[in-house]
*Asks:* 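Before we start, here is the structure in question, set down as structure tokens.
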Amino acid sequence: MPDEKTLSPIATLDETRQFMRRRLHGIVPESDIDAKAQTVQAINQLKREKNAVILGHNYMEPALYSTVTDHVGDSLQLSVIAARTDADIIVFCGVWFMGETAKILNPQKTVLVPSKEAGCSLAEGITADDIRTLKKRFPEAVVVSYVNTYADAKTESDYCCTSGNADKVLSTLIAAGHRRILFLPDRYLAANTAAKMGIPFLPSEAEASAFEAVPGDQPLVIGWHGTCEVHELFTPEQVDAIRSEHPETVILAHPECPPEVMAKVDISGSTKAMVDYIRDVEAPSYTLLTETAMSDNLAVEFPHRNILRLTNLRCKHMNYITLEDTLEGLQKLQYKVELAPEVIEKALLPIQRMIAIR
Ligand code: SF4
């Protein structure tokens, strides 16, 4: 019989259904569970036969996240696993740039993303050409790209970072003597990280006089105009409303949210930081300002914690990754992430630097 948290890879259909009913009770309707159990069992069987590993981002829907994944986590955690896996096939249940990162780290492997549609507003918001233009304008700057970028943008970057280690990457660069840091493409993550560290921030489109006003020996973070189409929608008024209705709740927000939101919440952190906080810190209740599937997944993971579901912003890109597409992806070995060798070679170093700074 499967245990409480892990579904045995050789579970029968009935065992799969029972496991899902226990684990997803109150989160996924029973009628959905019964409809999905067969797909879950087929994925787990195929995964074994093809020596595949399934990585699931924290924003996957609960029926997928808790049943067929071998590893779950944020971009940084899953990148580390992708680099080390000895499986023949990596199925990345996340968005396309995540599959690219896995391919760059482990180019000999077949890397699949179950949907071609799974993009990202941040990754789409900057190109390698944009970065080349910025480098001409700020020739003295070191370039830090959020991992939420496509491989071509990474080839023009010196470092990558995630929301989990952005401050550590900035600290490392400042300690190494860098004073102008292009932090791309999420302007809110850049501004929030700079504010947390007490470093001035300017958007790249600011007037020349604003840049001249910051002495050359002082650190300065320079941002781009990208945003996450999910996190940018949270508002300070929403935080006020949550506080007034639930004064006891601890509000945790992802640093891709606007600075006016971050100024009002209790905890700023990556999805991994949210997991760690809810696991380790007792509170009457918790409210997460991030993609909505995360709250459901943590409610499954920590049934003894009271996680309020007060927001409902679903990322349409993450939503493209379904159990059905994951099964089809394994059956047809689609959709393969393919990158030119020279792109892999150039994009590898900034990603390796990101992983080294944890
Ligand atoms: S939640 Fe935002 S950053 Fe994450 S994949 Fe969706 S659009 Fe991109």
Side-chain angles (χ1 to χ4, degrees), residues 55-62 64-65 69 72-79 82 92-102 111 113-127 130 144-154 157 160-166 183-193 223-235 238 252-259 261-262 268-275 288-298 309 311-322 325-326 335 337 351 354:
L55 309 183
H57 188 267
N58 287 327
Y59 295 160
M60 289 295 99
E61 59 154 323
L64 184 159
Y65 182 89
T69 51
V72 293
D74 66 4
S75 300
L76 185 55
Q77 291 170 294
L78 296 178
S79 299
F92 213 121
C93 288
V95 292
W96 199 259
F97 74 78
M98 296 177 182
E100 285 191 346
T101 305
V111 178
V113 176
S115 169
K116 272 188 184 165
E117 310 296 323
C120 169
S121 65
L122 277 171
E124 279 145 33
I126 195 157
T127 64
D130 292 327
V144 180
S145 285
Y146 195 20
V147 75
N148 299 27
T149 45
Y150 288 123
D152 70 329
K154 290 184 172 81
S157 306
C160 287
C161 73
T162 68
S163 52
N165 73 352
F183 190 119
L184 316 168
D186 185 350
R187 79 160 22 161
Y188 293 145
L189 178 64
N192 288 327
T193 308
W224 182 245
H225 48 71
T227 52
C228 162
E229 66 188 81
V230 176
H231 291 95
E232 70 176 347
L233 298 179
F234 290 107
T235 64
Q238 203 172 6
L252 302 95
H254 194 282
E256 288 169 15
C257 294
V261 171
M262 302 312 287
S268 158
S270 65
T271 55
K272 178 183 182 299
M274 292 179 184
V275 175
L288 307 185
L289 301 190
T290 189
E291 211 276 352
T292 193
M294 175 93 193
S295 298
D296 289 338
N297 290 329
L298 290 189
R309 260 66 65 73
T311 65
N312 191 26
L313 291 175
R314 183 79 174 118
C315 171
K316 70 179 184 207
H317 307 286
M318 293 284 182
N319 205 34
Y320 280 120
I321 309 295
T322 63
D325 288 336
T326 304
Y335 296 95
V337 177
I351 297 172
M354 168 186 84

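We count residues from 1, following the sequence as given. Both counts, for ligands and for their atoms, begin at 1 and track the order of listing.
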*Asks:* Need the ligand 1 atom indices (1-based, order shown) with element for anything under 4.0 Å from a heavy-atom of E256.
*Replies:*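 Contacts of ligand 1 toward E256, numbered from 1: 3 (S).
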
*Asks:* Distance under 4.0 Å to a non-hydrogen atom of L122: what atoms of ligand 1 satisfy this?
*Replies:*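 Result: 3 (S).
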
*Asks:* So which protein heavy atom does atom 4 (Fe) of ligand 1 come closest to, and at what separation?
*Replies:*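 For atom 4 (Fe) of ligand 1, the nearest protein heavy atom is Y59 CE1, 4.2 Å.
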
*Asks:* Can you tell me if T193 uses its side chain to pair, donor with acceptor, with the backbone of A190 under 3.5 Å?
*Replies:* no

*Asks:* For S163 and S270, what are the C-alpha separation, side-chain angles and deciding distance, and is it a side-chain hydrogen bond (donor to acceptor under 3.5 Å, both in side chains)?
*Replies:* CA-CA 5 Å; S163 52; S270 65; 4.7 Å; no

*Asks:* What residue and atom, counting heavy atoms only, is the protein's closest point to atom 2 (Fe) of ligand 1, and at what distance?
*Replies:*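 For this ligand atom, the closest protein heavy atom is C228 SG, 2.3 Å.
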
*Asks:* Hey, which atoms in ligand 1 end up nearer than 4.0 Å to a heavy atom of N148?
*Replies:* 3 (S)

*Asks:* Treating D130 as the side-chain partner and T127 as the backbone partner, does any N or O pair qualify as donor plus acceptor under 3.5 Å?
*Replies:*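 At least one qualifying donor-acceptor pair exists.
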
*Asks:* For K316 and E229, what are the C-alpha separation, side-chain angles and deciding distance, and is it a salt bridge (charged side-chain N to carboxylate O under 4.0 Å, His left out)?
*Replies:* CA-CA 9 Å; K316 70 179 184 207; E229 66 188 81; 3.6 Å; yes

*Asks:* Got P185 and Y146 here, is their nearest side-chain heavy-atom distance under 4.5 Å?
*Replies:* yes

*Asks:* If you have a sec, work out which protein heavy atom is nearest atom 8 (Fe) of ligand 1 and how many Å separate them, to one decimal?
*Replies:*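 Answer for atom 8 (Fe) of ligand 1: C120 SG, 2.4 Å.
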
*Asks:* Under 4.0 Å, heavy-atom basis, I'd like to know which part of C315 is in contact with ligand 1: side chain, backbone, both or neither.
*Replies:*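 Near ligand 1, C315 shows its side chain, while the N, CA, C and O stay back.
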
*Asks:* Can you tell me which residue among H317, R314, H57 is in a side chain to side chain donor-acceptor pair (under 3.5 Å) with E291?
*Replies:*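 Filter result, single survivor: R314.
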
